[in-house]
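Written out below as structure tokens is the structure these notes cover.
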Amino acid sequence: MLQIKSFTFNPFQENTYLLYDESLQAVLIDPGCHTAAERKEVTEFIQGNNLKPTLLLNTHCHIDHVLGNEWVKNTYNIPLLIHRLDLPVLKSVEAYASNYGFHGYSGVEPDGFLEEGEFISVGSEKLKVIFVPGHAPGHVVFYHAESHLAIGGDTLFRGSIGRTDLPGGDHQLLLNKIKSELFTLPDQTVIYPGHGPETTIAYEKSNNPFVGKNARY
Ligand SMILES: [Zn+2]
Ligand SMILES: [Zn+2]
């Protein structure tokens with residue numbers, strides 16, 4: 001059975017997720033931890049549960065989701081996987097991090113690339129990689145069918161969607177991809193987003209003002 005632990009980090013209130021199963025192998029997704037206190041929360045949870053991190057994944061590479069990449073890689077010596085089309089997004093972070101007040105950020109290279117439709121192992125569980133660009137050019141969502149959950153990054157939020165005014169953003173593409181890639185998942189699927197509380201596909205189909213049945217935008 002897949003277990004999920006969420007943390008909320010940095011001034012962007014970004015949700016970092018840790019997924020693991022009975023084997024205690026764990027995958028870290030979008031580590032936004034920047035301060036020593038935030039990083040201690042992660043290490044204490046991992047130690048306290050005897051978890052063994054095996055992989056680091058990014059749904060996409062905006063600054064709030066990658067602040068802890070280097071630290072995670074160095075602490076746990078695990079590979080970082082991203083979608084190839086977000087490589088320029090990742091590489092650009094170093095140039096603007098200090099403008100946002102994040103001093104001491106140094107970028108890391110990914111160790112490999114995520115392919116649309118492939119499966120990523122968390123112990124004996126499998127996450128499917130779903131490609132949902134629009135908020136960022138190489139944005140992916142990690143879907144676990146058996147437990148009806150997906151790590152959505154900044155695609156779909158409770159009552160909202162990811163902004164598309166950043167470099168590489170494409171509003172119409174995001175709307176289309178949410179409808180074709182996420183709204184085709186079972187209604188009970190719980191979306192764990194990059195910001196804010198969880199939601200479900202059913203709730204967003206009914207209520208989301210951008211992509212729901214009474215969309216106003
Ligand atoms: Zn983002
Ligand atoms: Zn974000």
Side-chain angles (χ1 to χ4, degrees), residues 4-19 27-35 38-39 41-42 56-72 80-102 105 107-108 110 113-114 116 127 129-143 149-178 181-182 190-199 204 208-211 217:
I4 180 164
K5 164 70 181 173
S6 64
F7 305 88
T8 302
F9 290 141
N10 74 56
F12 292 95
Q13 295 287 291
E14 183 268 352
N15 295 329
T16 293
Y17 295 101
L18 186 61
L19 302 181
V27 169
L28 270 153
I29 303 177
D30 291 359
C33 44
H34 183 64
T35 65
E38 289 172 344
R39 292 171 178 183
E41 261 191 73
V42 176
L56 170 59
L57 306 174
N58 290 159
T59 59
H60 69 296
C61 297
H62 287 147
I63 188 167
D64 45 328
H65 298 252
V66 305
L67 283 164
N69 270 0
E70 185 199 29
W71 172 78
V72 168
L80 167 65
L81 304 181
I82 69 169
H83 191 281
R84 189 182 304 273
L85 292 178
D86 247 39
L87 188 57
V89 180
L90 181 62
K91 286 186 179 294
S92 72
V93 173
E94 209 157 356
Y96 72 79
S98 61
N99 298 341
Y100 281 91
F102 297 112
Y105 172 86
V108 285
F113 295 110
L114 297 162
E116 179 173 15
L127 303 176
V129 176
I130 301 177
F131 184 47
V132 189
H135 169 74
H139 198 304
V140 294
V141 167
F142 300 104
Y143 174 54
L149 71 84
I151 306 299
D154 292 355
T155 56
L156 184 62
F157 300 123
R158 186 171 174 88
S160 190
I161 59 171
R163 60 190 287 188
T164 48
D165 57 336
L166 297 168
D170 183 329
H171 186 72
Q172 194 56 50
L173 179 63
L174 179 60
L175 299 180
N176 293 346
K177 285 291 192 173
I178 288 172
E181 306 300 315
L182 300 182
V190 177
I191 303 291
Y192 288 85
H195 304 270
E198 297 99 75
T199 188
E204 299 311 321
N208 192 289
F210 297 91
V211 283
Y217 299 102

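Not measured: the values here are computed from a predicted model. Every number for a ligand or one of its atoms is a count from 1 in the order of the listing.
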I'd like to know if the side chain of Asn15 pairs up with that of Thr8 as donor and acceptor (distance under 3.5 Å, no hydrogens or angles considered).
yes
Ring geometry between His135 and His139 (parallel below 30°, tilted from 30 to 60°, perpendicular above 60°)
perpendicular
Verify the ring-centre separation between Phe142 and Tyr17: is it less than 6.0 angstrom? no
Q.
I'd like to know if the side chain of Glu204 reaches the main chain of Val211, judged simply by a donor and an acceptor atom lying under 3.5 Å from each other, with no hydrogens or angles considered.
A. no
Listing protein N, O or S under 2.8 Å around the Zn ion (ligand 2) gives Asp64 OD2, His65 NE2, Asp154 OD2, His195 NE2
Can you tell me how the ring of His60 sits relative to the ring of His65, calling it parallel under 30°, perpendicular over 60° and tilted otherwise? tilted
Among N, O or S atoms, His135 approaches the Zn ion (ligand 1) most closely through NE2
Legend entry - Exam field: side chain Asp170 to backbone Thr164, donor-acceptor pair closer than 3.5 Å: no
